[in-house]
Every structure is written in structure tokens, then in C-alpha cells.
Amino acid sequence: MQQILETACKSIQDKIGTGQIANYIPALARINPKHFGASILSLDGEVSNYGDSKVLFSIQSISKVFSLTLVLRMIGDELWKRVHHEPSGNAFNSIVQLEMERGIPRNPFINAGALVLSDILLKNKSPEICLSEVLSFIQDVSRDPSIGIDTEVAESEISTAHRNASLANFMKSCQNIEHEVAAVLETYCSLCAVSMNCEQLCRAFLYLAGEGFDPIAKKRIISPEMARRINSIMMLCGHYDASGDFAYRVGLPGKSGVGGGIVVVVPEVGVITVWSPGLNQNGNSLAGTAALEAIAKVSNWNIL
Ligand code: DON
């Protein structure tokens, strides 16, 4: 695995530092674009690391996978009354489709869908209590109690979340947000501001490679059926309007974040995480996607 990782990552060195940093969140705009890290963790616990694999970064939309897991555990298929599971074909923060479709987001991974997930997770609790519950889930599946929220990133995002506020307010007008918009935004933005590294993210996603069962902790996290559904939604919606391109190039279910991280699940094999902050025009890591394409090619891991 180490050999596969090194061969693949060395082949894309020219892409590192290219693309655009997510400067619409002020605290993310300062990150050095030259970072590049990657990790692979197999189901039997073998870890391979490359470059900045132990450097913490903002997981951003990758957190939506944890929220979806918890919401499916809480309310199961009831979720699909409030969020669809169709690719959006639009930008992750698009407003136009939401109005046309009367406040029901296309899927749980676009911002509108994840705001509904936060609303469900809140369940009449304060954002603080809700956040500590989600964080303890992330720490649990990562087996790492040091994982936390970067409060500087969270505050920076909350104070500039005008687009997300408009999505949440619109959904509230359609009765698809129950709690106060401010509480939903605080929960959503704080979850995007969780800091993790490539190795921790591989560990945290292992249950999705193991049909919902974490083979290292020997613990069932979610049913096989729910794990299969989460992986399917990652395959079709994990990269927003570039989901088709990502599936064509990598051929595996994955979830990206504007912090430059991407986590990919290889069912029954393991998890691959890459991180490089320069983004392509769809908001997905440019060097990270290239690295995953190279890893998939060298390893021949795919679901197709
Ligand atoms: O709400 C936002 O815009 C960000 N906190 C998360 C967006 C994101 O990560 C989309 N990813 N590619």
C-alpha cells in the first residue's frame, strides 16, 4: 500500500499548489496552498502515510457524512421526507433549485441538505449540547479524543454565512427548518470547522468500508443497508456538480470539503484520504482529485 501511495502521489507533484484556496471563509484564506497529505487505511488496520498526512485541516463538508450517519441512526428513512437523494447538478451553495423544489434540498451533501441535517440533530437541544454529541461520535469512530472544533474557523464562518443563512431562512419559510435559523447555522458551521488530519479521517470512515461495522473497534456503527446507502449518496452527490467527473476519474464513492480534503471509501478494502487546499472550480481539491485518480489507477481499486 505504501508503494501504491508513493508512486501515485509522486506522479501528480506538478498539481500541488495549483487551484484556488476557499477564500470566502476568511480563516481558510490564510492556508499555505503547497500542503499535500495522503493516507490509506486498510480494513485490517494497515496504515500508509504520505506528506502532510498528520497536519490538521478544516474538514468542512466532509462533516456532512458524520451528520448523515447520525441522522439515519436517529430517524432512518423519515429523513427522505425532508431531503431528497438525487444529484443536484448545481453548486453546493446554490439557491435557485431550492426555490423551484419548494424548500426540499436535492441531497444531504449540498449546503441546504446539510442545514436540514443540523436542524434534525438539534432536536430541541442547544447547539453546544448537539455539537458535543456529534463531536463525541467523531472522536469515537476515530478512536481519538483529541479531535475538536477550530473555533477561529467556526466563528469566521458563522460571521460570514450569509448564503447559508439565506438557504436556511428560505427553508424555514417552507416549514423545512424547525429550530431558530441562528442555532442551525451555528451547529452547521461548527461541524464544518472540525479539524482532522488524513490519518484520523481514514480511521473515522472505516465503518463505511466495512458495511457499517468497524473491524478495528469490532463495533457496529450503522446497519449494512444504511452504510450502502451513504456510500451510494457519496458516489452520486459527494462532489456536487463535479460528482460525475469525480466518478469518471476515480470510480469510488467520496466526499470532499472546501478545506481541500477528500475521503474515499473502497468497499471491503479500506479508506483513502487526501488533502491539498487548492480547489478546482467546483470547490473540490485539485491535486487531491488528481492523486485519487492516480491511486485508483495504480491500485486498480474501483467498484465498477
Ligand atoms: O458552508 C460552506 O460553504 C462550507 N462550510 C462548506 C462547503 C464545502 O465544503 C463544500 N465543499 N466542497
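When a ligand or atom number is given, it counts from 1 through the structure's own listing order. Sequence positions, counted from 1, serve as the residue numbers for this chain. Note that the coordinates shown come from a computational prediction; the quantities given were computed from them, not determined experimentally.
Checked against a 3.5 angstrom limit, the closest N/O atoms of V258 and ligand 1 fall inside it. Not a single N or O atom of N282, backbone or side chain, sits closer than 3.5 Å to an N or O atom of ligand 1. Checked against a 3.5 angstrom limit, the closest N/O atoms of G283 and ligand 1 fall inside it.
In the vicinity of S256, heavy-atom distances shorter than 4.0 Å reach the ligand 1 atoms 12 (N). Under a 4.0 Å criterion applied to the non-hydrogen atoms of G257, ligand 1 contributes the atoms 9 (O), 11 (N), 12 (N). Listed by atom number, the atoms of ligand 1 under 4.0 Å from C192 heavy atoms are 5 (N).
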Let me see the working for R228 and E211 under salt bridge (Lys or Arg N to Asp or Glu O under 4.0 Å), right down to the final yes or no.
CA-CA 7 Å; R228 197 176 66 240; E211 296 187 315; over 6 Å; no
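Taken to the nearest 0.5 Å, the OG atom of S142 stands 10.5 Å off from the CG atom of L206.
Of the protein's heavy atoms, S61 OG, 3.1 Å lies nearest to atom 7 (C) of ligand 1. The protein non-hydrogen atom at the shortest distance from atom 4 (C) of ligand 1 is Q60 OE1, 3.1 Å.
For N282 (side chain) and N284 (main-chain N/O), no donor-acceptor pair under 3.5 Å exists by modelled atom type.
With a 4.0 Å heavy-atom cut-off, ligand 1 is reached by the side chain of E157 but not by its N, CA, C or O. Residue contacts with ligand 1, taken as heavy atom pairs separated by less than 4.0 Å, involve N164 solely via side-chain atoms from C-beta onward.
Within a 6.0 Å radius of CD in Q281, other residues, nucleotides and ligands contribute 12 heavy atoms or fewer.
Within the structure, the closest approach of N93 to ligand 1 does not fall below 4.0 Å when heavy atoms are considered.
The shortest heavy-atom contact between L167 and A112 is CD1-N, 4.1 Å. Among all heavy-atom pairs drawn from G19 and L286, the shortest one is CA-CD1, 3.9 Å.
F213 does not carry K219 over the face of its six-membered ring by the limits of under 6.0 Å from the centre and within 45° of the normal.
Judged by distance alone, the side chains of N90 and S88 never bring a donor and an acceptor atom under 3.5 Å apart.
When the options Y24, F109, Y188 are ranked by their closest heavy atom to atom 3 (O) of ligand 1, first place goes to Y24.
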